[in-house]
Amino acid sequence: MRVIRAPQQMGQAVDRLRARGQRIGVVPTMGALHEGHCSLIRRAARECDAVIVTIFVNPLQFGPREDFRRYPRPLATDLRLAASAGATLAFVPPAASVFPPGFQTRIAVGRLGAIWEGKVRPGHFTGVATVVSILFNLTRPHRAYFGQKDFQQAVIIKKMAKDLDMAIDVVICPTIRENDGLAMSSRNFYLNKDERKAATIINKCLTQTTELIKSGIIDIESIRRFMKEKLSEEPLITEIQYASMYSPQTLDELERAGKEALLAIALKIGKTRLIDNMIVNP
Ligand code: PAF
């Protein structure tokens with residue numbers, strides 16, 4: 001696996017791949033790679049001729065009181081994991097080459113970016129969409145791979161690619177979980193032993209709510225109440241930001257579960273913010 005830092009070199013590498021007719025898959029990441037990322041890289045390696053993993057902790061998507069500074073940056077381990085999962089190129093640009101002095105453009109993502117995460121993290125998806133579109137421009141992929149765990153992010157990027165005619169196939173891949181059901185996330189690194197144990201309540205809540213819906217309880221009031229009560233069982237939860245049932249297409253709250261519903265949760269355990277979701281087909 002070749003490691004590229006300069007955007008110009010990335011452009012030249014992509015020119016060569018495209019000239020040879022190779023299909024390029026990109027897996028954008030902020031590093032701190034775990035099995036979830038590796039599963040995206042492996043899938044990209046199965047479906048594309050060349051796989052570019054981008055590693056860039058994007059300052060634009062963090063709020064002023066968020067964890068940008070302490071976000072884990074284990075670059076050597078990341079490069080090893082990316083290579084063994086099948087990446088052919090790792091793109092690790094310095095911040096100043098992604099956002100040079102004077103940079104001022106932003107992608108406005110509209111309604112989809114203002115709900116859920118957008119309410120709690122204003123500006124977050126503008127930051128995500130802006131950096132992803134820069135990374136898309138620098139890597140010019142045919143396909144881009146994102147995890148379902150960040151469902152809203154994946155939906156927004158799919159919509160951005162379509163609205164802006166980017167001609168990139170945005171592939172949403174299943175969430176990878178630990179043995180006890182906790183969705184893999186770089187932020188799980190922040191949890192201490194007790195918090196890590198407490199975090200399993202999220203998956204329990206999602207799976208038990210799924211069973212409830214499958215048993216015929218499909219109205220939003222009952223589902224919201226059930227999720228809230230279930231999460232209240234865990235004393236280490238310091239804040240529930242949202243926990244409800246939504247349309248996977250529009251992300252609006254559903255009155256009743258139809259053919260397909262999405263359960264989504266965002267909460268804090270201690271100081272750590274965790275999100276997860278599950279699609280239900282009643
Ligand atoms: O999901 C992430 O890790 C980030 O939001 C992304 C897509 C790499 C953009 O910085």
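Quantities reported herein were computed from a predicted structural model and do not represent experimental measurements. The residues of the chain are indexed from 1 along the displayed sequence. Start at 1 and go down the list; that is how both ligands and their atoms are numbered.
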Asks: Going by the atom numbers of ligand 1, which of them fall below 4.0 Å from some non-hydrogen atom of Gln153?
Replies: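 Within the 4.0 Å cut-off of Gln153, ligand 1 contributes 1 (O), 2 (C), 4 (C), 5 (O), 7 (C).
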Asks: Is the charged tip of Arg73 near the ring of Phe68: under 6.0 Å from the six-membered ring centre and within 45° of its axis?
Replies: yes
Asks: Could you list the residues that satisfy side chain to side chain donor-acceptor pair (under 3.5 Å) with Arg143, not counting sequence neighbours?
Replies: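 Side chain to side chain donor-acceptor pair (under 3.5 Å) check on Arg143 returns Glu47, Asp169.
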Asks: Suppose I only count heavy atoms of Val131 and a 4.0 Å limit; which atoms of ligand 1 are within that range?
Replies: 9 (C), 10 (O)
Asks: Holding to side chain to side chain donor-acceptor pair (under 3.5 Å), I want the full list of residues that pass it with Ser244, two or more places apart in sequence or in another chain.
Replies: Glu253
Asks: What part of Thr29, side chain from CB on, backbone N/CA/C/O, both or neither, has a heavy atom under 4.0 Å from ligand 1?
Replies: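 Within the 4.0 Å criterion, Thr29 contacts ligand 1 through backbone atoms alone.
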Asks: Does Gln61, backbone or side chain, put an N or O under 3.5 Å from an N or O of ligand 1?
Replies: yes
Asks: Apply side chain to side chain donor-acceptor pair (under 3.5 Å) to residues Asp67 and Tyr190 and explain how you reach the verdict.
Replies: CA-CA 10 Å; Asp67 54 342; Tyr190 297 151; 2.8 Å; yes
